[in-house]
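Data block below; observations after.
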Amino acid sequence: MLSEQELLRRTKREELMRMGIDPYPAELFDFTHTTQHLRDAFAHKAARSPAGANTQGGYESHLDLSADPTYGQVRMAGRLMGFRIMGNASFAEVQDSAGRMQLYFRRDDLCPGDDKTMYNTVFKKLLDIGDIIGVEGHVFTTMTGELSLYVKQFKLLTKSLRPLPVVKEVVNEQTGEKEIYDAFTDPELRYRQRYVDLIVNPHVRETFIKRSKLVNSIRQYLTDKGYLEVETPILQPIHGGAAARPFVTHHNTLDMTLYLRIANELYLKRLIVGGYDGVFEFAKDFRNEGMDRTHNPEFTQVEFYVAYKDYNWMMDTIEEMVEKVAIDVTGTTKVTVGPNVIDFKRPWKRLTMFQAIQEFTGVDVSEMEEDSLRDVAESRGIKTDSSMGKSKLIDEIFGEACEPNLIQPTFITDYPVEMSPLTKKHRSKPGLVERFEAICNGKEIANAYSELNDPIDQRARFEEQLELARRGDDEAMAMDEDFLRALEYGMPPTAGVGLGIDRLAMIMTNQPSIQEVLFFPQMRPEKKSEVSTEADFVAAGVPVQWVLAVQQLGFMTVAQLQAANPNKLFNDLGGVRKKLKMSEVPMPKIEEVREWVG
RNA sequence: GAUCUGGUAGCUCAGUGGGUAUAGCAAUACACUUUUAAUGUAUGGGGCCUGGGUUCGAAUCCCAGCCGGAUCACCA
């Protein structure tokens, strides 16, 4: 059922059409300025001294640009976000992509002749908050120093049929801080209707602009180094490159199972085999696993692979790149995240995994066998079971003792070989691989290797994964014969990395949840409760005039009505008839009511 | 998956000895020619998430479910 306000807006839409005003005109609207342009252009007119600063808007008062060649005739477009109507003159707020600006409408300037319809009817009666309009006029400031547009003409560009949440913001005179009233904060509504969130919450729009800057910063860095941006398959016959459960789909023509990629690693390495020195891809990956504050089923990584390099080189590169990202996105290397200030300035701390464990637990686990490791884990409250081998136990201890405490960006290096089937064995440390993770704010943001390029060793590692799969590990990697074939032709020594864009965006924008850096985070579908239409009720025998009354009594579906007690319904209808002022509609007979119920 | 917590008007929310529901913004009407959370007066607007139960009577108490959020577990 439509709300009162929605019905009214639909009526206004019709009324406009009757007046010959198209609420959804086809032709373009050529605006000359945005709010950003104007604020920048008048920045030097901003009142700077506190002496004359009791101005609301912060600009010199009484600027009048009506004769100015540029600002005497300005066209702007945007969404109406508020009205202050005062008889024959009014103020309104328009919001465009950059922000808000005040509009001034004066009846006799808008309508110089006798016909005051455009002001009295179209502007005052038929426009609503949320409508999109184009305006033309000159720039001026009011007595209070608010930069404004003196509107001489306006044109409706889009009628909005749903009422928008109205968020009001006021600057506290004592503290000078902004206070927000009636903020639109319900996370469910914000995520399901992100468009509303973006209209009403400027800081949300800002977060996503920063995310875009972050991606651009990385793209620019990698492109400037001469690496090639590529695209590789999202639909893959074999999912590889990470340990995760995939989403499964089916191709009808080929009649085959395909997987949404969990990583693109193996394809990028094929391109290194093909002879490119460096390739990268911003990749949406899909993992069929749990969702929480840091996991969404689809997420973005940038993976890149560079020939003739190793993981030490990659650490230098990641440091340099992320430091640049921090500066490009936030203007500084020091980023506030929750209660912490994280400094991305190079160089970052580097610890081997064993060093990290020793630093946070005081225990040297580097020479330990499985039993001792199990004791260490148990002593720290980690639940263990017999299926957990050495490397799993080390990983658990690290995850419990170290990772959450690594707030400043830190490289953790040299992981146990069992957990890294695509990584080259360490050049000098047996049992370890040349791998690092970059940890920041207690969470992994990047994972990198000296890539394994010995095809015989790679095959053996895949075999181990198959063994794990046979024992029931549904995240074990699958054998990829084509990838092995590529390695057999020869892949140069290569360094590769995957960097989580969402996690990095959370840090750079100080957001506690991944949902805040994804426009449309995954949600359970909203379920509309079943409601019968007017036509359904009429079809069931209820006269049109009585449908509303029946709905008022709580019968939202025909089925509910048919389960009703006809005598009680008959009585209740009498009451509703009075309430709805239906005196001109005759009361139905009890027999008729019985027929509705059926 | 477990525990905790929430779901009342377009939005933000009040509402337990159980008695058809509060307020602000938004809306409608009138007034008001530089206001800025504009103001003043009046008015309208509700399947109290859904379904059961207890009761003469449920937004409120009980049970089950649906959809969020937080924490933990699992998972990278």
Side-chain angles (χ1 to χ4, degrees), chain A residues 1-9 11-12 55-57 61-62 82-93 100 102-109 119 124-125 128-130 140-146 148 150 160-172 178-193 196 200 242-245 262-263 285 287-295 299 301 383 395 399 403 419 437 443-444 447 473-475 498 500 503 512-513 515 523-532 550-557 560 575 579:
Chain A
M1 277 200 297
L2 292 175
S3 70
E4 183 191 34
Q5 294 192 42
E6 287 173 297
L7 289 170
L8 186 68
R9 285 181 181 224
T11 308
K12 289 180 179 180
T55 55
Q56 194 80 29
S61 56
H62 293 309
F83 292 98
R84 290 179 285 280
I85 293 178
M86 297 170 309
N88 293 331
S90 301
F91 293 93
E93 302 269 339
R100 291 192 184 187
Q102 179 166 266
L103 304 178
Y104 180 63
F105 293 81
R106 197 168 156 256
R107 187 191 65 189
D108 295 335
D109 288 311
Y119 183 79
K124 278 170 75 173
K125 304 287 185 198
D128 287 294
I129 288 176
F140 79 114
T141 61
T142 62
M143 281 180 2
T144 57
E146 176 82 13
S148 310
Y150 199 121
S160 164
L161 296 184
R162 277 182 191 258
L164 224 42
V166 177
V167 179
K168 303 237 176 173
E169 195 180 272
V170 65
V171 178
N172 186 309
K178 279 184 186 171
E179 293 174 7
I180 294 176
Y181 292 81
D182 301 325
F184 182 62
T185 53
D186 180 347
E188 184 169 0
L189 285 177
R190 289 213 301 115
Y191 302 152
R192 286 196 198 282
Q193 302 184 39
V196 174
V200 139
R245 276 178 293 233
I262 56 175
D285 292 340
R287 298 190 182 174
N288 205 341
E289 285 166 1
M291 297 160 59
D292 61 27
R293 221 175 54 248
T294 55
H295 297 84
F299 65 102
Q301 287 194 83
K383 281 180 293 183
D395 189 54
E403 190 163 330
M419 330 201 48
E437 291 191 354
K443 278 273 172 336
E444 172 200 337
N447 182 12
D473 183 348
D474 53 2
E475 298 195 336
R503 300 253 178 109
S513 149
Q515 298 170 108
M523 302 283 274
R524 280 201 165 83
E526 40 182 339
K527 215 180 57 180
K528 271 185 282 182
S529 43
E530 203 188 325
V531 176
S532 298
V550 167
Q551 288 170 334
Q552 279 284 318
L553 286 170
F555 298 105
M556 304 313 293
T557 65
Q560 285 171 349
K579 188 179 168 189

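Labels below follow one simple rule: chain letters A, B, ... track the order of the sequence lines, proteins then strands, and each chain is numbered from 1. Just so you know, these numbers come straight off a predicted model, no measurement behind them.
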Evaluate the ring planes of A/Phe91 and A/Tyr104, with Trp represented by its six-membered ring, and classify them as parallel (under 30°), tilted (30 to 60°) or perpendicular (over 60°).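 The arrangement is tilted - the two ring planes meet at 30° to 60°.
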With heavy atoms under 4.0 Å as the rule, sort [X] into base, sugar-phosphate or nothing.
X: A/Ala242; answer: nothing
X: A/Arg287; answer: sugar-phosphate
X: A/Glu437; answer: base
X: A/Asn447; answer: nothing

Check if the side chain of A/Gln102 and the base of B/U35 share a donor-acceptor pair of N or O atoms closer than 3.5 Å. yes
Would you state whether a donor and an acceptor, one from the side chain of A/Glu169 and one from the base of B/A37, lie under 3.5 Å apart?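 Between B/A37 and A/Glu169, which were checked side chain against base, a qualifying N/O pair under 3.5 Å is absent.
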Choosing from [options], which nucleotide comes nearest the side chain of [X]?
X: A/Met86; options: B/A38, B/C25, B/C75; result: B/A38
X: A/Arg106; options: B/A27, B/G68, B/U33; result: B/U33
X: A/Asp128; options: B/A26, B/U28, B/U33; result: B/U28
X: A/Arg84; options: B/A38, B/G44, B/G68; result: B/A38
X: A/Lys168; options: B/A38, B/G10, B/U34; result: B/A38

